[in-house]
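When a ligand or atom number is given, it counts from 1 through the structure's own listing order.
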Amino acid sequence: MEKRKVAIPQLKEMKKAGQKLKMVTAYDYPTAVIIDKSPIEMILVGDSLGMVVLGYEGTVPVTMEDMIHHIRPVVKGAPHTLVVGDMPFMSYNVSREEAIRNAGRLLKEGGADCVKLEGGQVVAPTVRAIVDAGIPVMAHIGLTPQTASALGGFKVQGKDAVMAAQLLADAQALEEAGACAIVLECIPAQLARLITEKLTIPTIGIGAGPWCDGQVLVTQDMMGLFDRFVPKFVKQYANIGKIMLEAFEKYAAEVDAGAFPDMEHSFTMKEEELRKLE
Ligand code: KIV
């Protein structure tokens, strides 16, 4: 049966029906093509791009142009998968007008189906403004990498009752503002369960335990393609980095030894043509 792209209103229905949502990140065409063949319903072109593809220390330097450049090939490669484009730092924080304009660019120029932005109650009016402009918005609370330094680094959020109550209030404000789903990053599993029970929109967890409505992982983390640090919540499903390193080493050794290319991987011309050169 051909895979069909999940429509935004279906997300709530899937939650109601107890169907788990699966999302992974992608930043290029070949990865998108592979994901499109899998049962994964959503691709996030995350601003994790900055760290796992562009080699930055964090996500802050990522620009709108970077995001559009990487959303386009993903959309081309995955026509049967819902594509969510991350709004980079400062693309939605200055004014609502700018937020709407930039969200629109991710759809018009990138081809994304939905945008994602970070923040709680403070960004709820911005979420409302973007949704009112006809653009689906996925929210993101808990550990929000764009403001990680203000949060004291990459660490679990909402461990005490005061912080947990704030995160619950954030989630409810974002649902009221019209968000179609909400990413919960690095929060205690029990808090994620409580938020999941209180909302009608799906929660998508990353480091938020098993009781969310869906899960998201960064592809480079789960495939062993990013080893600068590996968070506790990452499960490595394959070690493609190791396979690639072995292949590169073998190629280098064969070139050094003159074993590659052999005639099987070379072109030939007729002897008579060659003789004309003598
Ligand atoms: O940018 C990203 O990849 C994300 C995920 C960590 C959810 O926001």
Considering residues at least two apart in sequence or located in another chain, which fulfil the side-chain hydrogen bond (donor to acceptor under 3.5 Å, both in side chains) criterion with Gln157?
none

Examine Tyr92 together with Phe89 and report whether their ring centres are nearer than 6.0 Å.
no

For the pair Met23 and Ile43, evaluate side-chain contact (heavy atoms from CB on, under 4.5 Å) and give the outcome as yes or no after the intermediate values.
CA-CA 5 Å; Met23 180 160 86; Ile43 294 179; over 6 Å; no

Sole residue of Val123, Val122, Ile141 in side chain to side chain contact (heavy atoms under 4.5 Å, CB included) with Asp170
Ile141

Going by side chain to side chain contact (heavy atoms under 4.5 Å, CB included), Gln220 matches just one of Val52, Thr31, Asp227. Which one?
Val52

Can you list every pair where an N/O of ligand 1 is under 3.5 Å from an N/O on the protein?
unit_1   : atom_1 : unit_2 : atom_2 : d
ligand 1 : 1 (O)  : Asp47  : N      : 3.1
ligand 1 : 1 (O)  : Asp47  : OD1    : 3.1
ligand 1 : 1 (O)  : Ser48  : N      : 3.0
ligand 1 : 1 (O)  : Ser48  : OG     : 3.3
ligand 1 : 1 (O)  : Asp86  : OD2    : 3.1
ligand 1 : 3 (O)  : Ser48  : OG     : 2.5
ligand 1 : 8 (O)  : Lys116 : NZ     : 2.9

Would you say Thr81 and Lys5 are linked by a side-chain donor-acceptor pair, where the criterion is simply a distance under 3.5 Å?
no

